[in-house]
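Here is the structure we will look at, set down as structure tokens.
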Amino acid sequence: MQPWQPLLEWWFGPSADKAVTDRQGLWFGKKPEQDAEARVRFGEWIEQALSGGVSDWEETPEGWLALILLLDQLPRMVHRDTPRAFAGDAQARELALQGLARGWDLRLPAAARVFVYLVLEHAEDPVLQNRAVALFQALHDQVAMAERAPFASFLDYARRHQVVVARFGRFPHRNSLLGRPSTAEEVTFLQEPGSGF
């Protein structure tokens, strides 16, 4: 068994193909018990990833994916509503871009590719936002018609993130957590439903 296998099994369950429908509560839910489980099971791994301690995982597409999860997704759970939630973002972006250049996303199941592309969707960078939308569009177009509904939703969220970053150059809902002052336009925007994703 590869060292990252327990993480991938926890995240995707027994089948990556079924994960798109079966695991959305884990992926996008905000449940304290799930955050606590992530902390107990993978908290040390997150810290190792942040300090470069598991960089050897980058040598295979599956290990690369697991490392991306440790840098991008799990800190958002374990350190929810704190600045540490974004501690791995820069490393995750660099890692994602390196793997994309190798075509490693194309060697992963569709459900797994979502979490590579989310790294770019999380970026406060219009160029990376555009690339995220293009990748989610291609992914949507490649899955079977009968399986497209969740991928249409992923694409919709990517477009919504793209619009916010194009407008503000950042995600205003992160301002208070990161100690950034909000502009008057951002304050007005943050009062709108759905502004915080």
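When every heavy atom of H79 is checked against every heavy atom of A85, the shortest pair comes out as O-CB, 3.4 Å. When all heavy atoms of L50 and G88 are compared, the pair lying nearest together is CD2-CA, 3.5 Å. Minimum interatomic distance between I68 and A96 (heavy atoms only, all atoms of both residues): CD1-CA, 4.0 Å. For the pair L177 and P83, the tightest heavy-atom approach, listed with the atom from each and the gap, is O-CG, 3.2 Å.
Annotation: side chain of E37 is not in contact with side chain of K31 (no heavy-atom distance under 4.5 Å). Two residues are said to be in side-chain contact when any heavy atoms from C-beta on lie closer than 4.5 Å; L95 and W64 meet this criterion. Between R131 and L100 there is a side-chain heavy-atom pair separated by less than 4.5 Å. The side-chain heavy atoms of K30 and M77, taken from C-beta on, include no pair separated by under 4.5 Å.
Shown here are the side-chain contact (heavy atoms from CB on, under 4.5 Å) partners of T60, two or more places apart in sequence or in another chain: W4, E62. The ring-ring contact (aromatic ring centres under 6.0 Å, His included) check on Y157 picks up nothing, with sequence neighbours excluded. Applying the side-chain contact (heavy atoms from CB on, under 4.5 Å) test to D156 and every residue at least two apart in sequence or in another chain returns R160. Applying the side-chain contact (heavy atoms from CB on, under 4.5 Å) criterion to A158, with sequence neighbours excluded, gives E121, V133, F136. For E58, there are no side-chain hydrogen bond (donor to acceptor under 3.5 Å, both in side chains) partners at least two apart in sequence or on another chain. Every residue was checked against the side-chain hydrogen bond (donor to acceptor under 3.5 Å, both in side chains) condition with Q2, not counting sequence neighbours, and none meets it. Residues that satisfy the ring-ring contact (aromatic ring centres under 6.0 Å, His included) test with W45, not counting sequence neighbours, are F42, W57. Listed by chain and residue number, F171, F197 satisfy the ring-ring contact (aromatic ring centres under 6.0 Å, His included) test with H161 (two or more places apart in sequence, or in another chain).
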Is there a side-chain contact (heavy atoms from CB on, under 4.5 Å) between V78 and D35? Walk through the geometry before answering.
CA-CA 5 Å; V78 171; D35 293 353; over 6 Å; no
L120 vs Q129, side-chain contact (heavy atoms from CB on, under 4.5 Å): CA-CA, chis, key distance, verdict:
CA-CA 6 Å; L120 306 185; Q129 287 292 323; over 6 Å; no
Check the pair Q5, E9 against side-chain contact (heavy atoms from CB on, under 4.5 Å), reporting the backbone distance first and the verdict last.
CA-CA 6 Å; Q5 200 61 40; E9 288 176 1; 3.4 Å; yes
Would you check, one step at a time, whether the test side-chain contact (heavy atoms from CB on, under 4.5 Å) holds for L67 with L71?
CA-CA 6 Å; L67 189 50; L71 292 169; 4.1 Å; yes
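Under the 4.5 Å side-chain heavy-atom criterion for ILVMFWY residues, a single connected hydrophobic cluster contains both L7 and F28. Grouping the Ile, Leu, Val, Met, Phe, Trp and Tyr side chains by contacts below 4.5 angstrom, directly or via other members, places L108 with L155.
Judged purely by atom type and a 3.5 angstrom limit, Q162 has no side-chain atom pairing as donor or acceptor with the backbone of P126. A donor-acceptor pair is defined here as one N or O able to donate and one able to accept, closer than 3.5 Å; such a pair exists between the side chain of W27 and the backbone of W11. The backbone N or O of G25 lies less than 3.5 Å from a partner atom in the side chain of Q34, making a donor-acceptor pair.
Note: L128 CG to L97 CG = 6.0 Å, rounded to the nearest 0.5 Å. Here OG of S176 is found 9.0 Å from CG of D81. Values are rounded to the nearest 0.5 Å. Once rounded to the nearest 0.5 Å, the distance linking CG of L69 with CG of L65 reads 4.5 Å. Between the CD1 atom of I46 and the CZ atom of R41 there is a distance of 12.0 Å, given to the nearest 0.5 Å.
Among residue pairs with one or both ends in residues 83-108, those qualifying as side-chain hydrogen bond (donor to acceptor under 3.5 Å, both in side chains) are E47-R84, R76-D89, E94-Q98, D105-Y117; sequence neighbours excluded. Within the structure, side-chain hydrogen bond (donor to acceptor under 3.5 Å, both in side chains) contacts touching residues 136-145 (residues at least two apart or in different chains) are R113-Q142, Q137-D141, Q137-R159.
The hydrophobic cluster analysis finds V163 isolated: no Ile, Leu, Val, Met, Phe, Trp or Tyr side chain comes under 4.5 Å of it, directly or through other members.
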Show the atom names and distances, to 0.1 Å, of all donor-acceptor pairs under 3.5 Å that link a side chain in residues 185-194 to residues at least two apart or in another chain.
{"from": "E185", "atom 1": "OE2", "to": "R167", "atom 2": "NE", "distance (Å)": "3.1"}
{"from": "E185", "atom 1": "OE2", "to": "R167", "atom 2": "NH2", "distance (Å)": "3.2"}
{"from": "E186", "atom 1": "OE1", "to": "R170", "atom 2": "NH2", "distance (Å)": "2.7"}
{"from": "E186", "atom 1": "OE1", "to": "N175", "atom 2": "ND2", "distance (Å)": "3.0"}
{"from": "E186", "atom 1": "OE1", "to": "T183", "atom 2": "N", "distance (Å)": "2.9"}
{"from": "E186", "atom 1": "OE2", "to": "R170", "atom 2": "NE", "distance (Å)": "2.8"}
{"from": "E186", "atom 1": "OE2", "to": "R170", "atom 2": "NH2", "distance (Å)": "3.3"}
{"from": "T188", "atom 1": "OG1", "to": "A184", "atom 2": "O", "distance (Å)": "3.2"}

